[in-house]
Every structure is written in C-alpha cells, then in structure tokens.
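First up is the structure itself, then whatever we jot down about it.
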2 protein chains.
Amino acid sequence: MKFEEAKSKFIQTWGALGSQWGINKTMAQIHALLMISPDPLSMEDIMEELHISRGNTSMNLRSLMDWGIVFKEYKPGERKEFFSAEGNIDELARKIARERSRREIKPTLRVLQDISTIDGEESTKAAHFKAKTEELYDFVSRADNMLEKITEQKENWITKTILKLMR
Amino acid sequence: MKFEEAKSKFIQTWGALGSQWGINKTMAQIHALLMISPDPLSMEDIMEELHISRGNTSMNLRSLMDWGIVFKEYKPGERKEFFSAEGNIDELARKIARERSRREIKPTLRVLQDISTIDGEESTKAAHFKAKTEELYDFVSRADNMLEKITEQKENWITKTILKLMR
DNA sequence: TAAATGTTTCAAAATATTTTGAAAGTTCAA
DNA sequence: TTGAACTTTCAAAATATTTTGAAACATTTA
C-alpha cells in the first residue's frame, strides 16, 4: 500500500470508529490527521486535507481542545494558529476515559441514585424497579471506580493492569 | 419521587446514555423498559409504554436480540411473543463488551495492521505514520486483550478486578 | 382452506445531526 | 485608528439517521 492510500484509510477508519462511539466523524478525522502529522497543522491545512469548511474545522477543533486531546500552538513569526494532537497514546486514552466518566457516567450515577429512592409504592413492580436500579448503580459505580484505578497508574497502564490481572 | 416518574426518568436516562455511546436511543429505551419489568413484555406492551410504532419496536427488538441481551419468550397458551432482558448485569456488560470488541475493535485492528505496512516511501511523514499506527495497533490490541481478560472472569468480574488491582 | 392473529420489511416521512459559508469578531502591525 | 490576517459564530442547507405505517409474510386455529 502507498502512503497516501494508507493515510486516507486511517483517517476514514478512525472517523468511523468515532461515530460508533458517539463522537462526531469529522472530529475524529481531524484528530486522526493531527495524530499522524509530524508537525502541527494550521486550519487551512486541515480544511484542505479533509475537504471541509472553515466553520466545521473551527468548531471541531474547539471540541477536541475541550476534550484536552488537541492543543493550540503558535509558531514564532507566524500569525496563524497551529494545532497538534496529544502524542502519548496512554495519555490520550486516559483523558478520553476521564472525560467520558465526568460527562456521562457521573451524571447517570446521580440519576440512578435519585430514582432508586422512590417513596410510598410497595407494588411488585416498584420493588423490582428499586432492586434493579440499585443493582445498576452499584455496578456502574464499581466499573467507574475500576476505570479510575486503572487510569491513575502513571505510565503504561494497560500493561501494568494486564500484569496485575495475571498474577 | 413517584414510581411512574422514576420509571420514565430511568428510561430517558438510559436512552440518552445509549445515544452517547453510539446506540440508537429507542433500542436503549426498550432495553431499559425490559430491565425494570418483572415479567416479559409483548410488542404491544412496549409500543404502548414508549409510544413507538410497531415497525420500530420490531426492528430494535431484533437488534437487541442480535446483541444477545434480550430474549424472546413464549407463554404457554399465548400466541404472542414476549421479550425479556438479560437479568444479570455482570453478564449484560460482558456481552456488550465482547460484542463491541468483535464488531468494532477487531476490524479496526485489522485495518491498523494493514496500513502500517506501507511500502516504498521513506519520507519523514511516512516514517512517522508507520510509527504512530504501529503504536496505536499495539495499544488497542493490548486494551482489547485486557478487556478480554477482565470479562472472562466468571462472576463479579468488576469486584475481582478491583481487588487484583489493589494488591 | 380461509380467517384470525401476530411479526417483519422497507419506502417514504419525520427528525436529528452535521456542515457550510458569509458576516461578525479579534488581534496585531503600521 | 485603519486595515490586513485570521478565527469564531450561527442561521440555513445538506446529509444522515430514525421512525412510521401499511403491505407482505408467517403461523395457528376453526
């Protein structure tokens, strides 16, 4: 396979993976492009490579920066802004995991806790509901905890975790 | 909070969580409904509870069954089909993890492997690309492996994993 | 075999999400 | 200040996804 073909394939694949995990395709593609670029890219560069509009590029770059996985850089003498992706994959995954926990898991836990405190009612349905939501709360909070434990290991957390699991 | 209110809140929340993780909202809602129902429900029941069409219900039930987390049941004497959700949450999470690995991670790994074997090219860009995609392949396959290790533990895999991590 | 009961399919409609592009905003050098 | 270079915003347009509903299909009963 030639470089250009491989590059395009990578960007497409990363974009598709993003969609499947609830991340805007273009956002994932920009991230892919920045990941494989040895140097920071300008907005123009990104627009041109991916054939997307200025507005689209701007908005998705902002999102990526909100996630903490893309950074703005300034080149001396250049007026333009340049962008680069988090280079350390361990750190990338850690940030994504933490961000998703903060944005999605934690709020869900709050709701689960809230609704399992239904009052009055003592029907079978209500009892079953209470049991299930409590069980779910318990599971999700344990899972969230586990992820926290795993990602708080400094370097090579995947390898370290596998080792601990094998013992 | 009253039962009906809590129930509706749960279904909405589960649906929203689903969307954020790339799962059709209605599919997640049907699953939520079945989870908290002490008894299997018919298509009619589901349509009525969620105010959705027959076709929608049918398609999403099929998807849920494809994921292996909802089952068809027959009640003696009844012509209708009934549906119930996987009751064990550990098992539910295990199935989701495995299915996502099979459908999304594995194919991505294949592409990553494929594209990191670019030929000819010895530019800096190509070298960086090769290094990055190899690193990514390595990371993703380790993560996939870790998940496999974690979920293959029979019961209480979350708890067991946390214990191992704390040692 | 026909009718009744129930499920699936899928094209069209509805809805939701993403993308565009031009105007407004910002920054900076002269 | 002014204006050139660049970025952001956001309403409207394009696109993608989901949902509907009725016809086709399947299965059981009379």
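Residue numbers begin at 1 in each chain, while the letters A, B, ... track the order of the sequences.
Rounded to an integer number of Å, the gap from NE2 of A:H51 to P of C:dT20 is 11 Å. Put simply, OH on A:Y74 is 9 Å from P on D:dT7, counting in whole angstrom units. One atom, CG of B:D66, and another, P of C:dT8, lie 11 Å apart when rounded to the nearest Å. In this structure, the CG atom of B:L50 is 16 Å from the P atom of D:dT18, given to the nearest Å. Between the P atom of C:dA29 and the CD atom of A:E78 lies a distance of 13 Å, rounded to the nearest Å. Between B:K75 atom NZ and C:dT5 atom C1' there is a gap of 17 Å when expressed in whole angstrom units. We find that CD of A:E44 is positioned 13 Å from P of D:dT8, with the value rounded to whole Å. Here D:dG21 presents its C1' atom at 10 Å from CZ of B:R54, a figure rounded to the nearest Å.
Taking the six-membered ring wherever Trp is involved, the centroid distance between the rings of B:F3 and A:F129 falls below 6.0 Å. Between B:Y74 and B:F82, the gap from one ring centroid to the other reaches at least 6.0 Å.
Residue B:R62 is classed as a sugar-phosphate contact, given heavy-atom separations below 4.0 Å to backbone atoms only.
Nearer the 5' end of DNA chain D, as judged by each residue's closest nucleotide, is the contact made by A:S19, out of B:I52 and A:S19. Across the interface with DNA chain D, nearest-nucleotide mapping of A:K80 and B:M27 shows A:K80 to be the residue nearer the 5′ end.
Comparing atom distances between the A:R79 side chain and each of C:dT19, C:dT8, D:dA5 picks out D:dA5 as nearest. The side chain of A:N56 sits closest to C:dT19 out of D:dT7, C:dG6, C:dT19. Residue B:S53 has its side chain nearest to D:dT19 when only C:dT20, D:dT8, D:dT19 are considered. You'll find that the side chain of B:M59 is closest to C:dC10, out of C:dC10, C:dT18, C:dT8.
Within the 4.0 Å cut-off from OP1 or OP2 of D:dT9, not a single side-chain nitrogen or oxygen of A:S58 is found. In this structure, A:N60 does not reach the C:dT18 phosphate: none of its side-chain N or O atoms is under 4.0 Å from OP1 or OP2. Close to C:dT18, at under 4.0 Å from its OP1 or OP2, lies no side-chain N or O of A:T26. In terms of phosphate contacts, B:N24 brings a side-chain nitrogen or oxygen within less than 4.0 Å of OP1 or OP2 of D:dT19. Within the 4.0 Å cut-off from OP1 or OP2 of D:dT17, not a single side-chain nitrogen or oxygen of A:K25 is found.
Salt-bridge annotation for B:D119 and A:K2: absent, with no side-chain N of the basic residue lying under 4.0 Å from a carboxylate O of the acidic one.
Side-chain atoms of B:E81 and B:S42 include no donor-acceptor pair closer than 3.5 Å.
Distance alone, capped at 3.5 Å, places no donor-acceptor pair between the A:S101 side chain and the A:A97 backbone.
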